[in-house]
Amino acid sequence: MFRHIIGAALLLALPASAVAQAPVQVTLAVDTARPGAPISRYIYGHFAEHLGRGIYEGIWVGEDSTIPNIRGYRSDVVNALKKIHVPVVRWPGGCFADLYDWRDGIGPRAQRPTRINVHWGGVTDDNRFGTHEFMDFAELIGADAYVSGNVGSLSPYAMNQWVEYITSDEQASLAQERRRNGRDKPWTLKFFGIGNETWGCGGNMRPEYAADINARYSTFVNAPKAMGMVKVASGSTGNTTWDHKAFTEAMMKFGGKMDALSFHYYAMPTGRARGPATGFSEEKWADELELALRMESLIAETKQVMDKYDPQKKVALYVDEWGSWYDPEPGSTPGFLYQQNTLRDVHVAALTLNIFHRHTDRVKMANIAQMINVLQAIILTDKEKMILTPTYHVFAMYQPFMEAVPYPARVTGPQYSFGGHSMAMVDVSAARGKDGKLYLALLNNDPHRSARVATGLTGRARGLILTGPAMDSHNSFDRPDAVKPMPFAAGNGGTLTMDLPSKALVVVAVE
Ligand code: AHR
């Protein structure tokens, strides 16, 4: 009755149990009568810090490298990033930002000072990649720039000078200096972060003090008005034991002028082993997915506090660091945070993006940590080789959700439970794309059982499926395409039912 097509290669790759077992019946309900605020394209943003091989090797190899490059930027990486329309990149940190002097990274490269990256491995950074290299990189890939300021160890005066250097078109000294350094026209600086994790590596501040710091710095840091630069206050985190709501409260109450408030959360076990990125148990699969789902309640709690002080929702919430965090790969430098990326990360990414789709009234930006070779990277490199991780493919598959109008959607059916962990077996997001089509993202969290989804819709579903034979299926430099999206189709024009294999993500348009 219903046609169900999965790429032949994929079917061969699936374990017999996933194909043979009777699927679990679940029911989808999409409420098209209650559209939400459009999904900001900035929630598909990225974060690139001077950390490990994120910038150097990952993005920048220099003009003289034997690795093919465009003015020093890896061509393979640039092309891959263009394909997923990266909307924004946050730089230079992270913790790195609060010990970064922007003056170290301008002028002739050979004359720039070498500094020690105390946060990340104690390695030296000769500042080959600085303000010009970052702003040009953002332009090259078509992304907006988000610069994170140093409020921990530099003055408001220094921060304002940095912004003036980047954005001024006047005949004043800083713009002239930029021109002498090779850039005539100002760059557009869309976002500026007033610090990073001021509660921790950004200064270990008390909430009220951090709020005062935001009020002070944001007063003095300004771009030309017409640029509409968004000032992002450094906010709370879901990864500490202290009350993140109290921090949000202090920021909203005493933080002065802010256009957006940041929030960080990593799906990272605390008080127990993080465990390896591959070769993990089902306990670690279930634990990690449950950790990813915590984002929902953390956002809800943060929104509750923000609503109290800003009922008109003028201040946006930016989740400007998120992602999975495991043990570093054996043999890699521990401070470099290099980890493999598997089908488990597909679930972390899709669950998290689906949560952002449910909170579009407030969540207007999110930045996965981090873009290349660090934590939940979308790209890994090894000298001249490059691979796209399963997480990259999630970003590729979710393209139709950029600026789409989300609908409340729910799947009813059994839970996926393991050990002390329990969650909905199937997670969903539904939205009307800019092309007018209805898009569904359906995620089967169960690593063993397949699901049959009665959608309540009519029509045909066409799109892509991302899955693999094992929970830790991943791409390697030897097998770069082990996990990649394959064609998926269901339905014959009548009532639409879709079969989801175990541990699979499906994104389809319903027509
Ligand atoms: O992404 C790695 C680090 O995690 C960042 O530098 C910091 O902001 C966060 O604690």
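Counting starts at 1 for both ligands and their atoms, following the listed order.
- Two rings, from Tyr398 and Phe401, have their centers less than 6.0 Å apart.
- Cation-pi geometry between Arg274 and Tyr326 is not satisfied (NZ or CZ under 6.0 Å from the ring centre, within 45° of the ring normal).
- In terms of N/O distances under 3.5 Å, ligand 1 is not approached by Cys201.
- Summary of contacts: the protein heavy atom closest to atom 1 (O) of ligand 1 is Tyr266 OH, 2.7 Å.
- If you number the atoms of ligand 1 from 1 as listed, the ones under 4.0 Å from a heavy atom of Phe47 come out as 1 (O).
- The aromatic rings of His50 and Tyr56 lie perpendicular to each other, with more than 60° between the two planes, well past the 30° mark.
- The line from NE2 of His421 to CD of Glu283 is 3.5 Å long, rounded to the nearest 0.5 Å.
- Using a 3.5 Å distance cut-off with no hydrogens or angles, the side chains of Glu321 and Tyr266 do pair a donor with an acceptor.
- Ligand 1 is never approached by Phe96 to a heavy-atom distance shorter than 4.0 Å.
- Residue contact check: Asn196 has heavy atoms under 4.0 Å from atoms 8 (O) of ligand 1.
- Less than 6.0 angstrom separates the ring centroid of Tyr165 from the ring centroid of Trp102.
- Annotation: cation-pi geometry satisfied between Arg344 and Phe280 (NZ/CZ under 6.0 angstrom from ring centroid, within 45° of ring axis).
- Annotation: atom 3 (C) of ligand 1 to nearest protein heavy atom, Trp120 CZ2, 3.7 Å.
- Contact atoms of ligand 1 toward Cys95: 5 (C), 6 (O), 7 (C), 8 (O) (distance under 4.0 Å to a heavy atom of the residue).
- Proximity of Trp322 to ligand 1, defined as any heavy-atom pair under 4.0 Å, is not found for any part of the residue.
- Under 4.0 Å from ligand 1, the heavy atoms of Glu49 that appear belong solely to its side chain.
- Contacts with ligand 1 closer than 4.0 Å are made by side-chain heavy atoms of Leu375 only, the backbone lying farther away.
- Here the two rings, on His85 and Tyr44, have centers that are 6.0 Å apart or farther.
- If you check which protein heavy atom lies closest to atom 7 (C) of ligand 1, you get Glu321 OE1, 3.3 Å.
- Taking any N or O of Glu197, backbone or side chain, at least one lies under 3.5 Å from an N or O belonging to ligand 1.
- Between the OH atom in Tyr42 and the OH atom in Tyr146 there is a gap of 12.5 Å [rounded to 0.5 Å].
- Each of the following atoms of ligand 1 lies closer than 4.0 Å to a heavy atom of Gln370: 1 (O), 2 (C).
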